[in-house]
Amino acid sequence: MFDYKSAMESGHAFNKIVAMRLESEGISAEVPEFSFAKSKEEIKDYTLNDKDVIVGDNVIEVKSRNLSFSDNPDSFPYDDLIIDTVSGYEAKDPKPIAYVMVSQVTGGMFIFPTAFAKSWRVERKYDRYRKHEDNFYLAPKTFARPFSQLINKLKDNNA
């Protein structure tokens with residue numbers, strides 16, 4: 001059975017790792033305090049209002065994967081990546097400026113700028129961990145960019 005609490009705690013830890021990397025580049029990043037939704041209503045509220053990493057007015061979404069890859073998007077082992085559930089992305093307000101993909105194995109990171117969101121495709125997939133089907137946004141890894149582009153964008157926004 002899928003352990004939501006453990007998955008949320010793990011995800012929060014990766015949010016902190018991304019924030020620390022931004023901080024090491026001189027970018028002030030905030031990771032909201034971890035809280036765990038206990039009811040369906042709290043889960044809905046959490047989905048709508050949770051922010052992984054906040055930099056000024058910008059929100060950054062973090063997705064960790066139990067796959068080996070480096071900071072180079074070409075090192076990702078598949079041609080396409082799952083960005084998010086359609087419902088999860090569409091519910092976000094404000095929309096994140098980027099999704100950071102983090103390797104749980106190597107710590108490698110690269111990004112998917114949401115500027116490409118109109119080019120993402122929708123695919124129905126079975127989530128084997130949560131044991132249900134959902135619609136997901138997928139994108140070819142050719143849309144991925146090095147983490148350094150996110151750093152440069154955030155520094156330009158604060159200049």
Side-chain angles (χ1 to χ4, degrees), residues 1-25 27-37 42-43 46-55 58-92 94-117 120-123 125-151 153-154:
M1 184 163 171
F2 184 72
D3 184 349
Y4 280 96
K5 186 170 186 188
S6 179
M8 298 294 285
E9 288 171 341
S10 174
H12 192 257
F14 282 99
N15 297 350
K16 288 182 176 180
I17 290 168
V18 170
M20 286 189 312
R21 183 148 173 202
L22 291 169
E23 295 270 351
S24 76
E25 295 288 339
I27 298 167
S28 180
E30 175 192 348
V31 176
E33 199 172 310
F34 175 75
S35 64
F36 184 70
E42 285 183 14
I43 290 170
Y46 190 83
T47 300
L48 290 172
N49 299 308
D50 182 55
K51 316 275 187 273
D52 290 348
V53 179
I54 302 168
V55 177
N58 298 301
V59 175
I60 299 162
E61 192 73 14
V62 178
K63 300 291 183 187
S64 68
R65 305 281 201 247
N66 189 18
L67 295 169
S68 182
F69 54 87
S70 70
D71 286 355
N72 181 343
D74 291 337
S75 69
F76 191 78
Y78 302 105
D79 291 334
D80 294 320
L81 282 89
I82 295 172
I83 306 296
D84 202 345
T85 62
V86 171
S87 60
Y89 178 75
E90 295 303 333
K92 290 178 183 6
K95 298 285 188 256
I97 61 165
Y99 279 77
V100 177
M101 303 298 169
V102 183
S103 169
Q104 295 173 0
V105 178
T106 66
M109 296 179 200
F110 58 83
I111 67 164
F112 271 89
T114 55
F116 296 128
W120 299 345
R121 73 179 190 283
V122 177
E123 202 170 297
K125 290 192 162 291
Y126 181 74
D127 183 332
R128 67 179 184 266
Y129 298 110
R130 291 170 181 85
K131 301 199 182 324
H132 75 103
E133 279 191 6
D134 209 336
N135 291 321
F136 291 87
Y137 279 124
L138 279 76
K141 71 179 173 184
T142 54
F143 287 178
R145 299 292 179 260
F147 192 80
S148 60
Q149 282 195 10
L150 177 61
I151 292 166
K153 178 177 179 59
L154 292 169

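Heavy atoms only: backbone and side chains are in, while hydrogens, waters and symmetry mates are out. Start at 1 with the first residue, then count along the sequence.
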**Q** Is Val105 close to Arg65 at the side-chain level, that is, under 4.5 Å between some pair of heavy atoms?
**A** no
**Q** Assert yes or no for the condition that the ring centre distance of Phe112 to Trp120 is strictly below 6.0 Å.
**A** no
**Q** Give the minimum heavy-atom separation between Gly88 and Asp84, together with the two atoms involved.
**A** C-OD2, 4.1 Å
**Q** Report yes if some heavy atom in the side chain of Met109 is under 4.5 Å from a heavy atom in the side chain of Ile17; otherwise report no.
**A**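 When only atoms from C-beta onward are counted, Ile17 and Met109 do touch, with a gap below 4.5 Å.
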**Q** Would you say Thr114's side chain and Pro96's backbone share a donor-acceptor pair under 3.5 angstrom?
**A**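 Answer holds: yes.
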**Q** Nearest heavy-atom pair of Phe76 and Phe110: which atoms, and what distance?
**A** CD1-CZ, 3.8 Å
**Q** Return the OG to NZ distance between Ser148 and Lys153, rounded to the nearest 0.5 Å.
**A** 14.0 Å
**Q** Do the side chain of Ser64 and the main chain of Phe14 share a donor and acceptor less than 3.5 angstrom apart?
**A**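 Such a contact is absent between Ser64 side chain and Phe14 backbone.
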**Q** Could you pull out the closest heavy-atom pair between Ala144 and Pro73, with the gap in Å?
**A** CB-CB, 3.5 Å
**Q** A side-chain contact here means heavy atoms from C-beta on lying under 4.5 Å apart; do Tyr99 and Leu81 qualify?
**A** no
**Q** Write down the atom of Ala29, the atom of Val53, and the distance for their closest heavy-atom approach.
**A** CB-CG1, 4.0 Å
**Q** Considering only heavy atoms from C-beta outward, does the side chain of Asp52 approach that of Val18 to under 4.5 Å?
**A**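 A side-chain contact is absent here, since even the closest heavy-atom pair is not under 4.5 Å.
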**Q** Which distance, rounded to the nearest 0.5 Å, do you find between the CD1 of Ile83 and the CD of Glu61?
**A**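 Reported to 0.5 Å precision, the distance equals 11.0 Å.
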**Q** Should we say atom CG of Asp74 is surrounded by more than 12 heavy atoms from elsewhere, each under 6.0 Å from it?
**A**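 Result for CG/Asp74: enclosed.
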**Q** As a test of understanding, state which of Leu150, Ile111, Ile54, Val31 forms a side chain to side chain contact (heavy atoms under 4.5 Å, CB included) with Ile60.
**A** Leu150
**Q** Are any of the side-chain heavy atoms of Glu123 and Phe136 separated by less than 4.5 Å?
**A**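 The answer is no, as the side chains (C-beta and beyond) never meet within the 4.5 Å cut-off.
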**Q** Taking the side chain from Lys95 and the backbone from Glu90, do they hold a donor-acceptor pair closer than 3.5 Å?
**A**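 Flag set: sc Lys95 to bb Glu90 pair under 3.5 Å.
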**Q** Is the shortest side-chain heavy-atom distance between Ile82 and Lys125 below 4.5 Å?
**A**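 Ile82 reaches Lys125 side chain to side chain.
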**Q** First locate atom CD of Glu23, then atom CD of Glu30, and finally report the distance between them rounded to the nearest 0.5 Å.
**A** 10.0 Å
**Q** Any chance you could measure Ser103, atom OG, to Asn66, atom CG, to the nearest 0.5 Å?
**A**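 Result: 8.0 Å between the selected atoms.
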**Q** Less than 4.5 Å apart, any side-chain heavy atom of Pro94 and any of Lys51?
**A** yes
**Q** Which heavy-atom pair separates Met101 from Phe69 by the least distance, and what is that distance?
**A** O-CE1, 3.8 Å
**Q** Measuring from atom CG of Leu138 to atom CG of Asp79, what distance do you get when rounded to the nearest 0.5 angstrom?
**A** 11.5 Å
